[in-house]
Amino acid sequence: MTDKIDIKNVAKLAALKLTTEEENKLEKDLSMIIDHFAALSEMNLPDEKISIHPLGTPLDLADDEAIIFLSHEEALSNAPESSDGQFVVPPSLD
Amino acid sequence: MKIVPTIGMETHVELKTNSKMFCRCNVVETDKPNENLCPTCLGLPGSLPVPNKRAIEFITLLALSTKCQITTDGMFHRKNYFYPDLPKNYQISQFDLPVGTEGSLEIVVNGEFSTVEIERVHMEEDTGKSTHIGSGRIDSATSTHLDFNRAGIPLVEVVTKPLIKSSKEAVSYIEELRQLVIDLDISEGKLEKGNLRFDANISVAYENDDELGTKVEIKNMNSLRSLEKAIEYEISRQTKMLNNNETIIQETRHWDEKKEVTSSMRSKEGSADYRYFSDPDIPNMILSKDFIDKIKNNMPVLPSEKRNTFINSGLSIEDANSIGKSPKWMGELYKSVSDITNDSKTTFNWITGELQGQLRKLGETSPPEWMTAEQLAEIISLVKNDKISFTSGKEILAELIEEKINPEEYAISNKLIQENDTEEISKMVKEIIKENSEVLERIANGEEKLIGFLVGQVIKLSNGKVNPSVAKELLLKEIK
Amino acid sequence: MNHYKLSISEINKLFKDKKLKPSELYSEVFERAANTESIIHGHLTLFQDENIKKAADADKRYENGTELGILDGIPIAIKDNINIAGYATTCSSQMLSNYISPYDATVITKLKDEGVMFTGKTNLDEFAMGSSTENSAFGPTKNPWDPSRVPGGSSGGSAAVVSAGSAIASLGSDTGGSIRQPASFCGVVGFKPTYGTVSRFGLVAFASSLDQIGPITNNVEDSKILFNSMKGFDPFDATSGKESKTKQPKLKNAKIGIIKELMEDGISEDAKLEVQKVAKLLESQGHEIVEVSLPLTKMSISIYYLIAPAECSANLSRFDGVRYGNRVAGNTSYEMMENTRAEGFGPEVKKRILLGTYALSAGYYDAFYGQALKARAMMKKEFTETYKEVDYLISPTTPSDPFKFGEKSDNQLEMYMSDLCTIPANLVGMPAISIPTGLSSNGLPLSVQIMSPANTDNTLLEFSQKLESVVSFTSLPEIKGGVS
């Protein structure tokens, strides 16, 4: 693959803040791995319907019966910040 | 050159299941935040999604009733984006294999039939609820509070093709879709509660242009009124821009309910590259012929079928559409009453006008349980056959809402039956003329409104039993 | 006499015969931990005190003859990416160093019902990404056979504690060899069941279509006992399977295929010789050995390093500091998430998230992820065809004996190649077991891997048990500095 990896954009999509040093190292490392994929990318493979389950097992839908799993306290037990029974985060922008 | 708008609608319908889409947490209304949670809908490490069978039955029902093709070997995809109200930072949705594709929905616009083309009907999960704390505006919020009770509630997204031509058509479409999900009994269908949430994609172009204009997405329309206003505003904004040769940019705009304008939304950080891929936690969803047939065979009466029944009973398309979208009891009462009265229009007017009006004044949403179609038909017939006046009919109806009465007996015992016998009335008219020679003179001198006074005298003499129009007719005859 | 190297059924017999009490075994195992953990660092946490009462309860059950089953009172270590309610699940990551799970994984519920006692949580490569435990945020685990060498990974802690005797058995998770490779490096048995036979609910996901929980044990029989106590459909895991009837491979006069592509470049002479030695043994037992070719096996590293990072890039998105995890402040919620992820994840995890994000991003999906899915489907066909000809497949578990710390950490591709032999079983979904069979020229353990068609796990285990008895590998590590 000749495309250079746009590390800044990929990091943004992944919500990972990288230092310049990390950017440089990761760009190099990833390019090396991506080069390794070339042989696979160039293979001519038939287009077939993909089965998500490795064994081809189809989905079993669950009955619509409600259960109680976590208490309110358990749900919030690991919250870094909470107030009035809600999780609190810095302002989120739309 | 004429500029024409094109509108596509994206609607989220919240399903009324017992448990969430991918976990078995309760779906109930509660004031307490973060009460109905489990590892799955809270996105805890190690949790897994298992799709809800009833939700899939519901979406299949909706897809079938909108004449969609059903994808029998479908799957779920992950839509990746970071936002704090999205517990896993990906939403489980459907991408290229939605449950339904290529359907249509018949609607009524301005008393005429129209068809909205449906592109896709797919299954997904709702997000949590964000409350921005601070000065009230998103821009100056100091923190955001998160409640995940709503996270994971099943949502069906219904996407139309961009073929809607006006705000009225868009509104009619939403009304029809709302009625459909209510009649299918798959959603509460309450707009004010957010059971139905819609965005509109709007573009304008010259009429003979082959290509559509640049589409602009409008969000935050919380009522049919704001939907209509927002679309009209946006069409005129874009039309002006096109006329002025300005470039319309593809963006998402926010409807401002107070200012009644759309404004550009601050775009989310990063580009919208959702990196859809099939969710490896959920195997392919095979919908068997049995599964689909079972749903087909249990299909309730659809709004369009109901509407056709009303049309066949003699109502106009407009009236048929209107009563079909009224509370269920109205349509049913209409059918029973009109079967007796054989007068669709009058029955329609009495039920949608008088009855509903009086109930509304009393703060009632439905008639008392003792009220029967026969009683209502009797009132309608009494008025229609001039046995009682329209006013008396209204009075009897009011009484019937108050307590269980027999309309005819009530009319008799309250002396509401009108005298229609012309011979009897003629006698009374002559008597009144005899007693009011002065008045007659004044009428002859042009004071014509005094005829009303004489009619009143006749009615008084008859103890209110005389049909006023008959009395007037005979009076005029005598005077001339 | 030491009991920590006895088999589960032997221990159970001693318990039943009242020759040993669960509490006594427990003390012994913890004493062993006290003597070895300072060198090995296999456990991240030890549940010593809280188990005193549980051990006493188990004692009573055996006294009253009301024991819960063969696993009652057996001390088992759990990889720290499997949730136990009330305990930390760190995944060896700074991100989760303070995270306490409010719920049990399904396998934990099942083992609790059987009376199993948990020794503690074991070390791993951060979020199970790695082959040496060098990627643990809390320091690496050392190989009991030679502390200057890695124990393998990612379930390095789980393999090392069984090898060292500070647990009778352990649970690991295997995405591309994370049970089998460390089991091989530590000279113990590692079994990856058929995909979906053991519920993944409560296992912190790395790559959902490849992950599978399995046992690491001193012998094949123990693996069989643990596997059968954990397997079964779970309503909380849509990928978990109901038992299906499958044609079972032969136990006698079986046909065994040596995978040609896994006996070529990149495989050490020691490893090849080990497979040939085992093949001869099998032949002497009346089995037939043939060479088979599965050409796409050569592509398995590429396929794996597209599919696994793609899935992990989404699976690890939930670690954002909103609902749990070590939050790092930011002015907006997005900044907070970015900072939290920057500080919480180590270099290898970041690399794989970015690799997967890239492989799924607009314009690259078809060439990378889409292509990998197709190749995986083709590879599955190759194996299905091959299993029409043979009952089992055999290969080395690892290309070499355990490597030294730092030896491969600078060469990522070489590190990735250490999973060459184990990855195909995950891609195809079939069961695979690693059995120690001998020592390398360095005096370090070597193993062979045996694979069989999907849903033939118990037959594979039975076959392996027979092989194990013929091989009779009895060497044990001598932990220097510890009390052996």
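So you know, we letter chains A, B, ... as the sequences are listed, proteins then strands, and number each from 1.
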Asn326(C) versus chain A, heavy atoms under 4.5 Å apart: side chain, backbone, both or neither? neither
Looking at NZ of Lys350(C) and NZ of Lys17(A), how far apart are the two atoms once the value is rounded to the nearest 0.5 Å? 11.5 Å
Got a donor-acceptor contact below 3.5 angstrom from the Ser41(A) side chain to the Ala367(C) backbone? yes
Between Pro54(A) and Val428(C), is any pair of side-chain heavy atoms under 4.5 Å apart? no
Taking side chain as everything from C-beta outward and backbone as N, CA, C, O, which of these in Leu16(A) sits under 4.5 Å from a heavy atom of chain C? Side chain, backbone, both or neither. both
Would you find a donor on one side and an acceptor on the other, under 3.5 Å apart, between the side chain of Asp29(A) and the backbone of Lys351(C)? no
Interchain contact, Phe319(C) with chain A, by part (heavy-atom threshold 4.5 Å): neither
Determine the option with the most heavy-atom pairs under 4.5 angstrom with chain C, choosing from Leu26(A), Thr57(A), Asp63(A), Leu55(A). Leu55(A)
With only heavy atoms counted, which part of Asn98(C) is less than 4.5 Å from chain A, the side chain, the backbone, both or neither? backbone
Could you check which of Met43(A), Glu74(A), Lys25(A), Glu22(A) has the highest count of heavy-atom pairs closer than 4.5 Å to chain C? Met43(A)
Any carboxylate oxygen within less than 4.0 angstrom of a Lys/Arg side-chain nitrogen, looking at Lys374(C) and Glu48(A)? no
Tightest non-hydrogen contact, residues Pro90(A) and Arg327(C), listed as CD-NH1, 4.2 Å
Counting only heavy atoms closer than 4.5 Å, note whether Leu59(A) contacts chain C via side chain, backbone, both or neither. side chain
Do Leu354(C) and Ile5(A) make a side-chain contact, defined as non-hydrogen atoms from C-beta onward lying under 4.5 Å apart? no
For Lys247(C), does the NZ atom sit with more than 12 other heavy atoms under 6.0 Å from it, leaving out its own atoms? no
With rounding to the nearest 0.5 Å, note down the distance linking CG in Leu40(A) to CG in Leu296(C). 8.5 Å
Could you look at Ile50(A) and say if it's the side chain, the backbone, both or neither that has a heavy atom under 4.5 Å from chain C? side chain
Quick one: does Tyr324(C)'s side chain get under 4.5 Å of Phe87(A)'s, heavy atoms only? no
Engaged part of Leu18(A) at the chain C interface, taking heavy atoms whose separation is under 4.5 Å: side chain
Determine, using ring centers only, whether Tyr305(C) and His36(A) are less than 6.0 Å apart. no
With the side chain counted from C-beta on, respond yes when Val89(A) and Met337(C) share a heavy-atom pair under 4.5 Å apart, and no when they do not. no
Checked Ser51(A), Gly56(A), Ala79(A) vs chain C; the most non-hydrogen pairs under 4.5 Å come from Ala79(A)
Let me confirm one number: the OG-CG distance from Ser313(C) to Leu13(A), rounded to the nearest 0.5 Å. 10.0 Å
Would you sort out whether Arg323(C) and Asn78(A) count as a side-chain contact (heavy atoms from CB on, under 4.5 Å), showing the intermediate values? CA-CA 7 Å; Arg323(C) 290 142 291 119; Asn78(A) 283 289; over 6 Å; no
For residues Tyr416(C) and Ile33(A), determine if any side-chain heavy atom of one lies less than 4.5 Å from a side-chain heavy atom of the other. yes
More than 12 heavy atoms of other residues, nucleotides or ligands under 6.0 Å from CD1 of Ile68(A): is that the case? no
Looking at Asp6(A), I want to see if its CG is surrounded by more than 12 non-hydrogen atoms of other residues, nucleotides or ligands under 6.0 Å. yes
Can you tell which part of Ala62(A) gets under 4.5 Å to a heavy atom of chain C, answering side chain, backbone, both or neither? neither
Heavy atoms only, distances under 4.5 angstrom: which of Ala314(C), Ser302(C), Ser208(C) has the most pairs with chain A? Name it, please. Ser302(C)
Indicate the atoms forming the closest heavy-atom contact of Lys12(A) with Tyr334(C), along with that distance. O-OH, 2.7 Å
Using a cut-off of under 4.5 Å on heavy-atom pairs, state which of Lys298(C), Met299(C), Glu343(C) scores highest against chain A. Met299(C)
For the residue pair Phe37(A) and Leu306(C), establish whether any side-chain heavy-atom pair is separated by less than 4.5 Å. yes
Is the closest side-chain heavy-atom distance between Ile34(A) and Tyr358(C) below 4.5 Å? yes
